[in-house]
Amino acid sequence: MQIPTSQPYPNYFDTADGFVIHSPAKVNLSLRVLHKRSDGYHELDTFFQELDWGDEIKFQASNSFVLEIDGPELPKDDRNLITRAAKALSRAAGHPLAGYLHLSKMIPMQGGLGGGSSNASITLLGLNRLWGLNWPKDRLLPIAAELGADCPFFLFGGLAHATGRGDAIKPLRGALKGTLVLLFPGFGVETTSVFAEVKFPLTEVEKNVIFSPLVWTEEGGAYLQVYPCNDLENIVFRRNPFLKSGRDRLIELGAQVALLSGSGSTLYGVFDSDGAAIEAANKLSCVGDFRVKVCRAVARKR
Ligand code: C5P
């Protein structure tokens, strides 16, 4: 078996007047909620997987800080994680808050795909370069963790195992095998409200798959098996049976695995081949308000 060739993270593209960084979406290949912590957060055990699809942020030198956004109407003030990330790095580095940033937004909001967290960490990486700080990622990590539990993952991308609040990251080689179909239902789910409904012991999550070597990664010479499950699914499906029917439909259409990503609202199915995924996506794009995207997992150089 051959591990796919991988590039360093993130993807930088130099332009005439600055550079662009791809700000990827993620899915959770498995998400176990272990217990409630004394800080109010939940202890997690999860695998994050970067996708080859997402937003883009353009960075240009400028004397003041300007954020422009293509796509949905989003706040540009402190409610936006890009602005919060820029201010946090400026404070930590003692560097003036400066730079022209242009976000092209594709990742749906409150979709469980980590869009805001990805934008925050890509902002840290981009301003680190724009301001010539050249800080190693380890120095950016505490700033990312402060911005949100999912943010540290987006400093590393690729495949990673995460514990703690989801912020203790172990980057891994390799990536999920197969082609993914993302199914976004046209509405978001608020993460805080889902975690607020978690009650222990958790109801056993319905098993829709057999154990399979889901992920191409070498740990001690063996390929890692990730058991696909999401402990938040029952809560989200109880609220939105529509989402459960989307998950069932992905399986009917031939997905080896179908799961909710994070706290939702996006579902994804993993298919054997691009052809099978595209065929399923074509059928799904005719159903209700679902928005569909075919994409692949990304492996990163470690
Ligand atoms: O860290 P972030 O702001 O992204 O988390 C959003 C919310 O999700 C938190 O305020 C918390 O209610 C919940 N959460 C949690 N346990 C985690 C991650 C998030 O309870 N490990």
Side-chain angles (χ1 to χ4, degrees), residues 23-51 54-55 74-75 77-89 91-92 103 105 107-125 140-157 160-171 184 187-203 205 226 229-240 243 259-266:
S23 181
K26 62 84 179 159
V27 289
N28 297 82
L29 301 184
S30 77
L31 200 170
R32 314 291 335 220
V33 184
L34 303 181
H35 58 85
K36 183 141 188 203
R37 298 157 44 123
S38 53
D39 61 4
Y41 274 81
H42 291 79
E43 186 73 17
L44 303 182
D45 187 304
T46 186
F47 284 88
F48 287 113
Q49 173 63 69
E50 177 192 348
L51 305 178
D55 301 338
L74 291 175
D77 56 18
D78 283 354
R79 285 169 295 170
N80 193 307
L81 272 172
I82 291 182
T83 303
R84 290 228 290 278
K87 287 187 176 175
L89 186 62
R91 264 195 312 274
L103 167 68
K105 192 81 199 156
I107 307 173
M109 316 294 295
Q110 299 190 321
L113 298 172
S117 307
S118 171
N119 294 168
S121 289
I122 293 301
T123 298
L124 294 179
L125 292 169
L140 299 172
L141 248 178
I143 306 175
E146 186 76 19
L147 290 164
D150 282 358
C151 293
F153 164 69
F154 288 103
L155 292 178
F156 302 97
H161 182 223
T163 51
R165 296 183 308 146
D167 54 349
I169 298 292
K170 182 183 179 207
F184 177 69
F187 58 84
V189 170
E190 216 234 326
T191 305
T192 311
S193 71
V194 175
F195 275 107
E197 276 187 50
V198 170
K199 287 188 186 65
F200 296 97
L202 293 162
T203 326
V205 176
V226 174
C229 69
N230 182 339
D231 282 342
L232 300 175
E233 260 188 353
N234 281 338
I235 296 168
V236 178
F237 286 173
R238 211 178 313 124
R239 270 196 217 169
N240 297 296
L243 290 180
L259 271 186
L260 186 76
S261 182
S263 56
S265 58
T266 306

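Both counts, for ligands and for their atoms, begin at 1 and track the order of listing.
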Distance, nearest 0.5 Å, that separates CZ of R238 from CG of L243: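 Going from CZ on R238 over to CG on L243, the span is 13.5 Å.
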Considering residues, nucleotides and ligands other than E146, do more than 12 of their heavy atoms fall under 6.0 Å from its CD?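 Not more than 12 within 6.0 Å, no.
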Sequence neighbours left out, what passes ring-ring contact (aromatic ring centres under 6.0 Å, His included) with F237? Give chain and number order.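 Not a single residue meets the ring-ring contact (aromatic ring centres under 6.0 Å, His included) criterion with F237.
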4.5 Å side-chain heavy-atom contact, E190 and Q110: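 Yes, at least one pair of side-chain atoms sits under 4.5 Å.
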List below, pair by pair, the N or O atoms of ligand 1 and of the protein that are less than 3.5 Å apart, including the distance to 0.1 Å; reply 'none' if no pair qualifies.
| residue | atom | partner | partner atom | Å |
| --- | --- | --- | --- | --- |
| ligand 1 | 1 (O) | Y41 | OH | 3.1 |
| ligand 1 | 1 (O) | A149 | N | 2.9 |
| ligand 1 | 16 (N) | H42 | N | 2.9 |
| ligand 1 | 20 (O) | H42 | N | 3.4 |
| ligand 1 | 20 (O) | H42 | ND1 | 2.8 |
| ligand 1 | 21 (N) | H42 | O | 2.8 |
| ligand 1 | 21 (N) | R165 | O | 2.9 |

Just jot down the salt bridge (Lys or Arg N to Asp or Glu O under 4.0 Å) partners of K87, sequence neighbours excluded, or say none.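 Result, salt bridge (Lys or Arg N to Asp or Glu O under 4.0 Å) vs K87: D78.
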Can you list the residues that meet the side-chain hydrogen bond (donor to acceptor under 3.5 Å, both in side chains) rule with D150, with sequence neighbours excluded?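 With sequence neighbours excluded, D150 shows a side-chain hydrogen bond (donor to acceptor under 3.5 Å, both in side chains) to no residue whatsoever.
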